[in-house]
Every structure is written in structure tokens, then in C-alpha cells.
Amino acid sequence: MSGSSSTAMTRFNALRHGILSRYTVLPWEDPDEYETLLSAFVAEHAPQGPTEEHLVEELAGIVWRKRRLRLAEASAARH
């Protein structure tokens, strides 16, 4: 990463190891996969300030939960 996206990702470190890791990523999920998703959104949107950081975090969380729901639906359909 370069410049502002690297700085923005650094600001997410506390979130990754704090609330997000406990509540967004469930114990049986891979936190590295979530980190990859969050990093991609941070790189794409280069959030500036707490509002944009929050919105990027929310976007990553929504996409992550939607992915989880799709996996659960696929599993239910197989059974």
C-alpha cells in the first residue's frame, strides 16, 4: 500500500484486534480473510477522518455478514 491508504489501514489496527475481531469475525471464521476484505475497501476508498473510516468499516462488516449468510444458505440447501 502507498501513502494515505497505508496510513488509513494503520488506523484500523486497533479495530481489527478489538471490537471487530470479537463481533464481526466469528470464532470459526478466518480473521485474515476479513482483514483482506477490510484492506481492499480501505485501499479502494482511502477513508479520511472518523466518519469515512466508520463507513468503510461498516461496509466491510456488511459484506462479511452477507457472505456468511450466503454460506449458511448454501449449506442449508445442500441438506
Would you confirm whether Ser75, through its side chain, and Leu71, through its main-chain N or O, come within 3.5 Å as a donor-acceptor pair? no
Looking only at heavy atoms, which two atoms of Glu57 and Tyr34 are closest? And how far apart? O-OH, 4.0 Å
Taking every heavy atom of Val56 against every heavy atom of Phe41, the minimum-distance pair comes out as CG1-CB, 3.8 Å
Identify the two heavy atoms, one from Ala60 and one from Leu38, that lie closest to each other, and give their separation to 0.1 Å. CB-CD1, 3.8 Å
Under the side-chain contact (heavy atoms from CB on, under 4.5 Å) test, which residues partner Arg65, sequence neighbours left out? Thr24, Arg68
Begin with the C-alpha distance, continue with both residues' side-chain angles, and end with the deciding distance and a verdict on side chain to side chain contact (heavy atoms under 4.5 Å, CB included) for Leu59 and His45. CA-CA 11 Å; Leu59 178 59; His45 298 289; 4.0 Å; yes
What's the shortest heavy-atom distance between Glu52 and Ala46, and which atoms? OE1-O, 4.1 Å
Apply the test side chain to side chain contact (heavy atoms under 4.5 Å, CB included) to residues Glu73 and Leu69: give CA-CA distance (whole Å), side-chain angles for both, the deciding distance (0.1 Å), then the verdict. CA-CA 6 Å; Glu73 287 173 341; Leu69 186 59; 4.1 Å; yes
